Amino acid sequence: YLHPIIDWTSTEVWEYIHQRKLAYCCLYDEGFKRIGCIMCPMKGPEHMKEDANRWPKYANLYRLACHKAVENAIKKGKKRKGAWEDGERMYQWWIGNNTSTKEDDNIISIFE
């Protein structure tokens with residue numbers, strides 16, 4: 001495999017882009033260092049909330065997914081003591097607003 005820019009610094013990448021007048025995403029001009037998933041948990045709660053405010057339609061889709069996950073768990077009889085009461089509580093936990101919910105085997109998985 002060839003990875004021609006794997007050892008380039010950020011400065012070298014930007015020099016290459018500017019010298020060749022290549023198009024790039026405008027989010028970099030706003031200070032973004034990396035561009036990936038909206039509301040990615042790897043960014044941490046602060047950035048997830050910023051993304052939710054900037055892209056409210058995506059945040060709503062996450063919220064709907066949390067509601068569906070809880071509904072599906074209840075339908076399948078997987079709602080247990082210690083699990084989220086509803087989709088909104090799951091969503092709030094997801095974006096870091098409710099750190100009191102502990103992670104354990106009683107929590108509904110979004111992947112169930």
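On a predicted model such as this, the values are computed, not experimentally measured, just so you know.
Considering only residues two or more places apart in sequence or on other chains, F32 meets the ring pair (Phe, Tyr, Trp, His ring centres under 6.0 Å) condition with none of them. With sequence neighbours left out, P41 forms a side-chain contact (heavy atoms from CB on, under 4.5 Å) with M48, W94. Residues forming a ring pair (Phe, Tyr, Trp, His ring centres under 6.0 Å) with Y28 (at least two apart in sequence, or on another chain): W14. Every residue meeting the side-chain contact (heavy atoms from CB on, under 4.5 Å) condition with C37, not counting sequence neighbours, appears here in chain and number order: C40. Remark: E15 pairs with no residue by the salt bridge (Lys or Arg N to Asp or Glu O under 4.0 Å) rule, at least two apart or across chains. For E46, there are no salt bridge (Lys or Arg N to Asp or Glu O under 4.0 Å) partners two or more places apart in sequence or in a different chain.
Note on Y24: it clusters hydrophobically with L22, by side-chain heavy-atom contacts below 4.5 Å among ILVMFWY residues. When hydrophobic clusters are built by joining Ile, Leu, Val, Met, Phe, Trp and Tyr residues whose side-chain heavy atoms come closer than 4.5 Å, directly or via intermediates, I5 is grouped together with I17.
Distance CG/L61 to NZ/K68: 13.0 Å, rounded to 0.5 Å.
Between R54 and E30, some side-chain heavy-atom pair lies under the 4.5 Å cut-off.
The minimum heavy-atom distance between G96 and K49, with the atom names listed, is O-NZ, 3.8 Å. For the pair R63 and Q92, the tightest heavy-atom approach, listed with the atom from each and the gap, is NH2-NE2, 3.8 Å. The two residues I35 and L27 come nearest to each other via the heavy atoms CD1-CB, 3.8 Å.
Using a distance-only test at 3.5 Å, with no hydrogens or angles considered, a donor-acceptor pair links the side chain of E12 to the main chain of T9.
Judged by distance alone, the side chains of N97 and Y91 never bring a donor and an acceptor atom under 3.5 Å apart.
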